[in-house]
Undergrad: 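Below is one structure. I have some questions about it.
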Amino acid sequence: MAERKQERIDARKIPGAPDRSQRFAQVEHAENAGAALRRLAACFAREKKMVSAMLAVVLFGTLCGVYAPSLQSRAIDLIAAGRAEGFPQAVLAMLAAYLLYSACQLLQGLFSARLSQRIVGRMREELFAKLLSLPVSYLDHHSHGDVMSRMTNDVENISTTVSQSLPSMFSGVLTVIGTVAVMLWYCWQLALLSCATILFTLTATKFLSRRVRKFSRRRQMLLGQLNGAVEEMISGYHTVVAYNHQTTTTGEFCRTSDQLTRAGIRTDVFSGVMGPIMNCIGNIGFVIIAAFGGYFSVHRLISVGVISAFIVYAKQFSRPINELAQVYGQLQTAIAGAERVFHVLDEADEDRSGAPLTADGAADATFRQVQFSYEPGRPVIRNFNLTVPSGKKVALVGATGSGKTTLTNLLMRFYEIDHGEILFGGQDIRTVARDDLRRNIAIVLQDTVLFSDTVRANLKYGNENASEQALEAAVDMSRCGEMICGLPQGFDTVLTGAGETVSQGQRQLLTIARAFVADPKLLILDEATSNVDTRTERAIQEAMQQVMRSRTSIVIAHRLSTIRDADLIVVMDHGEIVESGNHDALLRQKGRYYELYMTQYAGFAT
């Protein structure tokens, strides 16, 4: 199955790069929760006003919640003493305290929701911007589904935690501190007996939280794998169906899904049992208060009202502890997700520094003693030397895996060479800013890439300032004018599903036209006409001759008919040049090119 998965290689997949199974093995689990928590705290520091407002509301609400049982105790003592004076005031004060407490709870929810959306929105924007600044090699070596999972699921977990768990944690900690302080003030003996349940709570929390954290990490990792499998199946659906691999694909998905289910069940079980265990410990605390409170009351150490207040305080004391225990699992999941997000944010950006391209008009490309390997010790390009003269058409041919596409990736600086140098216009491309270099090079890949936008926007993707005349000229040269005129809104037709509404050949024509609109100094065509019919291919070749007259071009082709008129044909094998020359000279040599040519055209008129 792994071999068949490799058949679906997108435009950025590089020969020799690790396969998808290796990419999953590279997924890192959360390892340093403290560091991730500190970085989350730094995110909160950017919203100081909102955080301060929320903490002020939480603090005032906690004070009201802690003070209200004291008013209740006073009212009960007045009733027990048979005194009516002061009772209405105590009841009204207690009512006001509880109303203010409820209002603070409402404001706390509003502030936390707004805070979470601000923090997570900024984090989502930073993550998306980071993805656009990463080197091409990063996405070549990581599962696209896992990257998407970090962008969606992990960020959403953080949002849920910020909006729900953290406010509960803040208010819970303050409530516990305030409640314990009042309980000690009323009766320190009964307070210490009530707090004895904390030992049971801490022991249970430590035992369960360790397992929650372990399984929540595994659940996030498996969720990334599952998303990757779904993304791969959808992208390669036609291949799956064509090879009747539905059963095998379903089996692989189900195996990962079962592992995710087991990890999710274990996480939810250990998270879910925290609540009942904490409730049980809380009920034990009520028994302690009832027994010892009655004893202290009989011996006149405390009043009946104090016992009533202690029961309320014990509930207030146990409730936040229960909530803290319940949200701990959610907090651990969010921390693991945050660490996965930070792992992407910490990746080194693609170096875009460098000098501008100074070559005026010159567009020759020179490879000198170039060596390159995707993995150390396994070279893909070996001591490669080649000069592509300015304004000339050079064709690269050879078997699959010979390094043709790798050369174009090195020229575009998608990867850096290990040794040697590559010159463009006489200037070492390592000294040229990547943006400026790529602005002068256009590439048309075999795997077409269009975006869910209008035809006009797709054509102007490489040159937003292109005029309508340039647009129409490019469309005419690429022979897709008739196709565009047949669309409902012409140039303003929206290509839904990244161009799924038009045929593969028509998508390829649009990508060729897009390269023409970019008007580059150097044009790279990587099997650019492989998905069009012979008649259209011949028309495009005629158009390309007009476009290529004033610019350098590198053509990668398996169909040798597309490169017969090339100024120089370079035959590659295992990253080295084995033959070079024009079409006629190479045929006369009767070497590797002759064998390739005769294999394709033996017995056919040429």
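Quick caveat: nothing in here was measured; it's all calculated off a predicted structure.
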Undergrad: Just how far is it from atom OH of Tyr461 to atom CG of Asp453, taken to the nearest 0.5 Å?
TA: 10.0 Å
Undergrad: Is the number of heavy atoms from other residues, nucleotides or ligands under 6.0 Å of Met148 CE greater than 12?
TA: no
Undergrad: Looking at CZ of Phe253 and OG1 of Thr248, how far apart are the two atoms once the value is rounded to the nearest 0.5 Å?
TA: 15.0 Å
Undergrad: Does Tyr138 reach the side chain of Val344, with side-chain heavy atoms less than 4.5 Å apart?
TA: yes
Undergrad: For Tyr101, give me all partners under ring pair (Phe, Tyr, Trp, His ring centres under 6.0 Å), at least two apart in sequence or on another chain.
TA: none
Undergrad: What are the two closest heavy atoms between Ser133 and Asp349, and how far apart are they?
TA: OG-OD1, 3.1 Å
Undergrad: Just so I know, are the side chains of Arg438 and Phe414 near enough to count as touching, which here means a heavy-atom distance under 4.5 Å?
TA: yes
Undergrad: Would you say that more than 12 heavy atoms from the other residues, nucleotides or ligands in this model lie under 6.0 Å from the CZ of Arg114, or not?
TA: no
Undergrad: Could you tell me which non-hydrogen atom of Leu222 sits nearest to which non-hydrogen atom of Ala263, and how far apart they are?
TA: CD1-CB, 4.2 Å
Undergrad: So how far is it from Leu357 CG to Thr431 OG1, rounded to the nearest 0.5 Å?
TA: 9.0 Å
Undergrad: Decide yes or no on side chain to side chain contact (heavy atoms under 4.5 Å, CB included) for Arg218 and Arg266, but give the supporting numbers first.
TA: CA-CA 10 Å; Arg218 178 166 176 77; Arg266 291 172 180 174; over 6 Å; no
Undergrad: Atom OH of residue position Tyr98 - does it have more than 12 heavy atoms of other residues, nucleotides or ligands inside 6.0 Å?
TA: yes
Undergrad: Is the closest side-chain heavy-atom distance between Leu55 and Leu59 below 4.5 Å?
TA: no
Undergrad: Please lay out, stage by stage, how Leu127 and Met123 fare under the test side chain to side chain contact (heavy atoms under 4.5 Å, CB included).
TA: CA-CA 6 Å; Leu127 183 58; Met123 184 178 293; 5.5 Å; no
Undergrad: Please find the pair of heavy atoms, one from Leu132 and one from Arg352, that lie closest to each other, and give the distance.
TA: O-NH2, 3.6 Å
Undergrad: Considering all heavy atoms of both residues, which atom of Val66 and which atom of Pro69 are nearest to each other, and what is their separation?
TA: O-CD, 3.3 Å
Undergrad: If you look at every heavy atom in Gly337 and Ile158, which pair is closest and at what distance?
TA: C-CD1, 4.4 Å
Undergrad: Indicate yes or no for a side-chain donor-acceptor contact from Thr249 to the backbone of Gln246 under 3.5 Å, with no hydrogens or angles considered.
TA: no
Undergrad: Looking at Arg219 and Asp268, does any basic side-chain N land under 4.0 Å from a carboxylate oxygen?
TA: yes
Undergrad: Look at the side chain of Thr267 and the backbone N and O of Phe215, then say whether any donor-acceptor pair between them is shorter than 3.5 Å.
TA: yes
Undergrad: Would you give the length of the straight line joining atom OG1 of Thr261 to atom CG of Leu226, rounded to the nearest 0.5 angstrom?
TA: 8.5 Å
Undergrad: Report the distance from atom CZ of Arg124 to atom OG1 of Thr152, rounding to the nearest 0.5 Å.
TA: 9.0 Å
Undergrad: Determine, stepwise, if the pair Val136 / Asn409 fulfils side chain to side chain contact (heavy atoms under 4.5 Å, CB included).
TA: CA-CA 10 Å; Val136 174; Asn409 289 321; over 6 Å; no
Undergrad: Should Arg456 and Asp492 be marked as a side chain to side chain contact (heavy atoms under 4.5 Å, CB included) after you check the CA-CA gap, both sets of side-chain angles, and the distance that decides it?
TA: CA-CA 6 Å; Arg456 176 178 282 101; Asp492 296 320; 2.4 Å; yes
Undergrad: Applying the side chain to side chain contact (heavy atoms under 4.5 Å, CB included) test to Ile177, which of Val180, Thr175, Val173, Thr179 qualifies?
TA: Val173
Undergrad: So, are Arg255 and Asp258 salt-bridged, with charged N and O less than 4.0 Å apart?
TA: no
Undergrad: When you check the gap from the basic side-chain N to the acidic O, do Glu126 and Arg39 get nearer than 4.0 Å?
TA: no
Undergrad: Minimum heavy-atom separation for Ala348 to Pro135, with atom names?
TA: O-CD, 3.5 Å
Undergrad: Between atom CG of Leu107 and atom OG of Ser102, what is the distance when rounded to the nearest 0.5 Å?
TA: 11.0 Å
